[in-house]
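See below for the structure under consideration.
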2 protein chains.
Amino acid sequence: MFSFKRLFSFVSEMKTPIEYSEKQIAIINAAEKLFAEKGFDGASVRDIAQEADVNVAMISYYFGSKEKLMEAVFEERTVNIKLKVENLLQDKSITPIQKVYILIDDYVDKFIHQQQFHKIMMREQMINKHTPVAALIHELKKKNLESIKTLIQEGQKTGAFKKNIDIVLMMTTMVGTVSQMLTSQHFYRSLNNMEHMDDMEFQRHIRKKLSTHLKNLFKQMITNE
Amino acid sequence: MFSFKRLFSFVSEMKTPIEYSEKQIAIINAAEKLFAEKGFDGASVRDIAQEADVNVAMISYYFGSKEKLMEAVFEERTVNIKLKVENLLQDKSITPIQKVYILIDDYVDKFIHQQQFHKIMMREQMINKHTPVAALIHELKKKNLESIKTLIQEGQKTGAFKKNIDIVLMMTTMVGTVSQMLTSQHFYRSLNNMEHMDDMEFQRHIRKKLSTHLKNLFKQMITNE
DNA sequence: TAAAATTAATTAAACGTTTGTTTAGTTTTA
DNA sequence: TAAAACTAAACAAACGTTTAATTAATTTTA
């Protein structure tokens with residue numbers, strides 16, 4: 001009767017990317033949207049089912065529970081979220097500071113394109129509980145930090161970067177600035193009289209704004225100018 | 001029977017600081033703690049009542065509803081949250097950049113001393129709904145920004161500051177960096193092997209770290225060095 | 001290949017809890 | 001002795017989840 005569920009946990013344990021059916025994807029999309037808007041407790045499974053246009057029971061049937069659905073959202077959305085530093089490190093034709101610039105653009109892009117999911121991540125980090133989801137975030141952050149550390153050290157070897165750089169603090173500023181912009185974008189929009197802009201145009205605007213702003217900050221933080 | 005409640009909404013409309021009884025303060029403190037930990041929907045009124053060591057009915061009795069309790073938390077905690085820029089502006093014996101430094105320290109201090117409440121504010125901003133609480137945040141931000149604008153303009157007149165400064169973006173970085181540090185302080189702590197530190201010592205550490213970091217950033221952003 | 005058997009997908013309804021709030025009564029205070 | 005403070009119990013609504021039944025799809029059998 002419930003063989004599908006059993007198949008699932010098996011595949012999940014293997015850490016193989018799970019192939020979801022149309023309905024399952026619809027549920028994950030709806031969950032992402034409503035978790036981002038209302039938070040985990042604020043979004044009911046009935047809300048999610050309606051948004052996904054499926055029967056409520058399908059959520060338990062496919063994912064086991066609301067909690068597990070959240071985990072599925074995370075596993076689905078974190079698959080391609082890693083920063084593309086690995087390839088960057090090899091490339092000898094790009095200067096260290098240019099690599100940092102590319103990384104900033106990459107991060108800003110990822111954040112803007114996955115606003116809903118990043119909102120969920122922010123909320124989950126606030127809760128500060130030892131859930132599977134919290135572990136996933138921790139792991140993700142640590143890996144990203146590790147890669148950036150080697151990238152910075154490369155610049156330090158060539159003498160282009162300063163010796164004493166607090167990378168964690170630097171990342172805190174990057175992540176924090178972008179998060180804060182996302183969180184308060186309506187405030188930012190009304191303050192700059194940009195209500196007339198359509199969403200796409202506005203997002204292109206803040207993308208550019210954040211990109212140049214962070215590049216300026218980072219340049220002065222890490223280079224010997 | 002419910003004259004107390006009626007007295008309340010009256011006082012609230014007058015924008016006069018409300019004097020709460022011991023029990024009411026206990027409820028507000030408990031609500032702040034649990035709203036910060038679990039979010040508005042995650043914290044039940046029974047949780048809050050237990051934490052405050054009062055009967056569940058007292059919450060409705062004193063505050064009318066859970067929603068209104070949240071508003072009470074906000075009105076109580078935002079009374080003294082405004083940055084002390086007003087007094088700063090008058091003082092002629094302090095240079096503009098020193099004023100900015102004082103402002104940064106003031107903000108970092110307020111944030112660290114009211115971590116729980118700031119967590120609630122962050123969550124509420126994410127929801128992005130036109131609630132009384134959202135309006136309160138908006139108003140607060142606008143006033144702070146207004147004061148800072150005049151402070152910056154003062155520095156620009158004397159020629160100490162650059163001409164083109166994006167104040168909103170600057171504030172986004174300050175608020176964002178501090179918020180992100182608060183949100184991920186456990187991550188920061190484990191990364192820097194500071195688990196042995198007691199909480200007070202650790203908070204003094206990040207207070208100092210944030211302060212010098214933000215001052216460096218701001219100096220290079222706004223002065224002609 | 002057609003029929004039968006089996007499994008998977010889907011549904012409406014019901015489950016037992018928990019939710020925020022109210023009631024009706026009691027105790028305390030002034 | 002009237003108003004305020006406080007309580008245990010009850011309230012209906014909403015919650016996440018399960019059940020039992022039905023339809024759809026797939027596999028096995030003859």
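Keep in mind that this is a model prediction, so the values were computed, not measured. Throughout, a chain's letter reflects where its sequence line sits, starting with A, and its residues are numbered from 1.
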Give every pair of a protein N or O atom and an N or O atom of nucleotides 7-14 of chain D that lie under 3.5 Å apart, one pair per line with the distance.
unit_1, atom_1, unit_2, atom_2, d
D/dT7, OP2, B/N55, N, 3.4
D/dA8, OP2, B/N55, ND2, 3.4

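Between A/F187 and B/H138, the angle of the ring planes goes over 60°, which puts this pair in the perpendicular group of the 30/60° scheme.
Distance, A/D41 CG to D/dC15 C1': 11 Å, rounded to whole Å. Between the C1' atom of C/dT18 and the NZ atom of B/K66 lies a distance of 11 Å, rounded to the nearest Å. A straight line from CG of A/L34 to P of D/dG16 spans 11 Å, rounded to a whole angstrom. Atom CD1 of B/I27 and atom P of C/dT21 are 13 Å apart (whole Å). With rounding to whole Å, B/K38 atom NZ is found 13 Å from C/dT18 atom P. Summarising the geometry, the separation between CD on B/E67 and C1' on C/dT21 is reported as 14 Å, rounded to the nearest angstrom. In this structure, the CG atom of A/L69 is 15 Å from the P atom of D/dC15, given to the nearest Å. Rounded to an integer number of Å, the gap from CD of B/E22 to C1' of D/dA5 is 14 Å.
Residue-level contact check: B/A43 touches the backbone only, with heavy atoms under 4.0 Å from sugar-phosphate atoms and none from bases. At the heavy-atom level, B/S21 lies nowhere under 4.0 Å from the strands shown.
Listed for the B/R123 side chain is a donor-acceptor partner under 3.5 Å among the backbone atoms of B/F35. For the pair B/T212 (side chain) and B/K209 (backbone), a donor-acceptor distance under 3.5 Å is present.
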Chi angles and distances behind the ring pair (Phe, Tyr, Trp, His ring centres under 6.0 Å) call for A/Y62, A/Y20: CA-CA 10 Å; A/Y62 278 128; A/Y20 292 112; 8.9 Å; no

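Scanning all heavy atoms of the two residues, the minimum distance from A/S211 to A/I104 falls at O-CG2, 4.2 Å.
The residue from B/V73, B/I59, B/V45 that alone fulfils the side-chain contact (heavy atoms from CB on, under 4.5 Å) condition with B/I27 is B/I59.
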